[in-house]
Protein chains: 2
Amino acid sequence: MQKNVEKISIFSSLSPEYIRKMENITQVTKYSPGKVIFMENDPGTGFYGILEGRIKIYKSSPLGKEHILHIFGPGEVFAEAAVFAGRDFPASATALEESVLVFFPRDSFRALLGENPDLSLTLLGLMSMRLRQMVGKVEELSLKEVPARLAAHLLLLGDNSGKDEFQLDINKSQLASLLGTIPETLSRVIRRMKDEELISIKGNRVKLLDIQSLDELARGVFRL
Amino acid sequence: MQKNVEKISIFSSLSPEYIRKMENITQVTKYSPGKVIFMENDPGTGFYGILEGRIKIYKSSPLGKEHILHIFGPGEVFAEAAVFAGRDFPASATALEESVLVFFPRDSFRALLGENPDLSLTLLGLMSMRLRQMVGKVEELSLKEVPARLAAHLLLLGDNSGKDEFQLDINKSQLASLLGTIPETLSRVIRRMKDEELISIKGNRVKLLDIQSLDELARGVFRL
DNA sequence: CGCCCGTTTGACAATGCTCAATGTTCGTGG
DNA sequence: CCACGAACATTGAGCATTGTCAAACGGGCG
């Protein structure tokens with residue numbers, strides 16, 4: 001199977017021979033949708049890069065509830081913190097689609113990392129961004145209510161796509177889990193946002209009608 | 001003023017001459033209680049180490065609510081992610097006590113970092129732990145209720161002190177903010193935990209009476 | 001002694017969750 | 001091509017947890 005480590009963005013600027021060395025230590029695996037890649041508390045023996053597909057990272061509670069922390073796509077890596085913390089995975093990972101992953105074993109990766117100080121810096125940058133995102137998540141959960149979180153999320157999607165009309169790339173149950181709520185609540189909030197003509201939505205096709213108000217809603221300036 | 005960079009734990013194992021170089025780029029400042037060190041959205045021009053005192057890192061909402069993310073003490077560093085993300089600070093920092101901080105300017109620090117690849121690894125380890133902590137916080141906020149969060153926090157304090165009796169080192173308003181709630185709610189939850197004889201509390205002196213139940217409560221197995 | 005801050009308590013409101021029922025969509029197979 | 005089922009989505013009713021507002025309390029310090 002093709003390894004194509006250079007498709008992983010944190011490695012894209014590395015020299016060809018270094019990339020080849022990387023490829024020597026990795027192992028490529030396919031995962032079908034719904035397949036669990038690792039579970040919370042599994043020993044963190046390495047990290048993964050995504051060649052194809054999408055992966056959700058989530059925490060689940062004893063009572064079966066689950067909160068999606070992040071969804072990663074092609075070119076991204078995940079669980080990299082396990083390499084340096086030397087601890088168990090703090091969350092679980094499952095494939096959302098047919099996915100192809102490269103696995104980097106912890107020890108061989110660390111050995112190779114020693115040869116390339118620049119890569120350490122790249123990783124430090126990556127982890128800084130991760131930390132920032134998590135801080136943002138904490139802020140949203142504790143300081144904002146569901147409508148604000150949804151507004152923020154939609155605005156982000158709009159920004160990423162560059163348009164004010166786009167498709168949700170996950171179903172609404174998962175979106176609820178990503179926003180730290182449940183499908184029923186999400187459904188009702190969407191309803192209200194439609195009624196207030198902030199957005200229009202049909203299936204997974206969303207259109208932002210009133211960016212201004214959405215923005216104020218996201219910042220907590222006003223309430224639905 | 002004494003710089004004593006070796007008192008900062010991530011630097012403690014560095015060679016004396018390297019430490020001296022560090023000290024050349026740093027600058028030491030005193031902060032009185034309540035003094036703001038930086039605010040969210042300030043440009044992240046470097047990071048801080050704590051020689052003396054304690055610092056709270058927090059997010060605040062437009063409406064004046066605040067959520068404490070972390071409280072750091074002597075030997076710890078904070079805001080280190082700003083060095084690598086090259087972005088603004090995602091949260092604010094304020095001194096809780098009379099504090100003495102060493103400031104490491106971003107650019108000179110990065111230059112020095114290049115000379116010492118091991119330090120990069122140490123930092124990667126540190127940031128991995130930070131990330132893990134934040135993931136834990138997200139889990140608690142979205143998957144657990146206030147009694148569970150309080151129980152978990154008290155058990156942690158008990159663990160850290162090694163005893164089942166200890167003092168809260170912050171007042172209850174701040175504890176509430178750290179747990180992602182408000183003083184009124186915290187007060188009521190403490191009340192219930194006393195009534196159920198899980199803990200006893202007098203002023204800031206806490207005693208854990210029923211570790212077993214506290215643990216189940218923290219894990220969400222049962223409810224108050 | 002009296003003030004101030006932090007804490008506690010009470011009454012109330014609201015946000016979001018639970019449970020249950022009904023709708024919708026879409027793919028499969030008759 | 002239509003019918004059926006499964007998964008997802010929506011809606012309603014009721015309730016639990018937590019936040020809001022207001023008042024009273026308490027302890028420490030000038």
Side-chain angles (χ1 to χ4, degrees), chain A residues 33-34 56 60-68 94 96-97 140-151 153 167-196 199-206 217 220 222-224, chain B residues 33-34 56 60-68 96-97 140-151 167-196 199-206 217 220 222-224:
Chain A
K56 70 171 174 185
S60 40
S61 81
L63 309 167
K65 291 202 280 190
E66 120 180 3
H67 183 139
I68 299 180
T94 295
L96 289 175
E97 313 167 351
E140 301 219 318
L141 286 172
S142 70
L143 265 26
K144 295 182 180 165
E145 10 194 88
V146 177
R149 289 181 238 158
L150 175 59
H153 189 78
Q167 305 217 116
L168 295 176
D169 53 359
I170 50 178
N171 67 34
K172 294 194 181 119
S173 300
Q174 312 216 87
L175 178 56
S177 169
L178 190 57
L179 295 176
T181 185
I182 56 173
E184 291 94 322
T185 299
L186 177 62
S187 183
R188 287 182 240 267
V189 171
I190 288 179
R191 187 76 158 69
R192 275 193 284 158
M193 284 176 63
K194 281 200 292 201
D195 290 350
E196 303 290 329
I199 61 173
S200 74
I201 214 173
K202 195 170 186 181
N204 58 5
R205 178 136 235 109
V206 183
L217 187 56
F222 91 99
R223 311 183 134 194
L224 249 199
Chain B
K56 70 169 174 186
S60 39
S61 81
L63 308 168
K65 292 202 279 190
E66 123 180 0
H67 184 139
I68 299 179
L96 289 175
E97 313 167 351
E140 301 219 316
L141 288 171
S142 70
L143 263 27
K144 295 182 180 165
E145 11 192 86
V146 177
R149 289 181 237 158
L150 175 59
Q167 305 217 119
L168 295 175
D169 54 358
I170 52 179
N171 68 32
K172 294 194 181 116
S173 300
Q174 309 217 88
L175 179 56
S177 168
L178 191 59
L179 295 177
T181 184
I182 56 173
E184 291 93 324
T185 299
L186 177 62
S187 182
R188 287 184 241 266
V189 171
I190 288 178
R191 188 78 158 69
R192 275 193 285 158
M193 285 176 63
K194 281 199 293 199
D195 290 351
E196 302 292 326
I199 61 173
S200 75
I201 217 174
K202 193 171 188 182
N204 58 5
R205 179 137 232 108
V206 183
L217 186 58
F222 92 100
R223 312 183 132 193
L224 248 201

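We name chains A, B, ... by the order of the sequence lines, and we start the count at 1 in each one.
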Within the distance-only criterion (no hydrogens, no angle test), does the side chain of B/Ser177 pair as donor or acceptor with the backbone N or O of B/Glu66 below 3.5 angstrom? yes
With no hydrogens and no angle check, is any side-chain donor or acceptor of A/Lys172 less than 3.5 Å from a backbone partner on A/Gly203? yes
If you assign each of B/Arg223 and B/Ile182 to its closest nucleotide in DNA chain D, which residue comes earlier from the 5' end? B/Arg223
Rounded to the nearest angstrom, tell me the gap between atom [atom1] in [X] and atom [atom2] in [N].
X        : N      : atom1 : atom2 : value
B/Leu186 : C/dG6  : CG    : P     : 14 Å
A/Leu63  : C/dC17 : CG    : P     : 14 Å
B/Lys144 : D/dT18 : NZ    : P     : 14 Å
A/Leu175 : D/dA7  : CG    : C1'   : 17 Å
A/Lys65  : C/dC19 : NZ    : P     : 10 Å
A/Leu141 : C/dT15 : CG    : P     : 17 Å
A/Leu179 : C/dT15 : CG    : C1'   : 16 Å
A/Glu66  : C/dC17 : CD    : C1'   : 17 Å

Among [options], which nucleotide sits nearest the side chain of [X]?
X        : options               : answer
B/Pro183 : D/dT18, C/dT8, D/dA9  : C/dT8
A/Asn171 : D/dG19, D/dA9, C/dG6  : D/dA9
B/Glu184 : D/dA22, C/dT15, C/dT7 : D/dA22

Exceeds 12 heavy-atom contacts within 6.0 angstrom, atom CZ of A/Arg192: yes
Please name the residue in the list B/Leu186, B/Ile68, B/Val146 that meets the side-chain contact (heavy atoms from CB on, under 4.5 Å) test with B/Leu179. B/Leu186
May I ask you to test the B/Leu178-B/Gln174 pair for a side-chain heavy-atom distance under 4.5 Å? no
Should the side chain of A/Arg188 and the base of D/dG12 be counted as holding a donor-acceptor pair, with the cut-off at 3.5 Å? yes
So, is [X] close to the [N] phosphate, meaning a side-chain N or O under 4.0 Å from OP1 or OP2?
X        : N      : value
B/Ser187 : C/dT8  : yes
A/Ser173 : D/dA9  : yes
B/Arg191 : C/dT7  : no
A/Lys172 : D/dT10 : yes

Across the strands shown, which category fits A/Thr185 at heavy-atom distances under 4.0 angstrom: base, sugar-phosphate, nothing? base
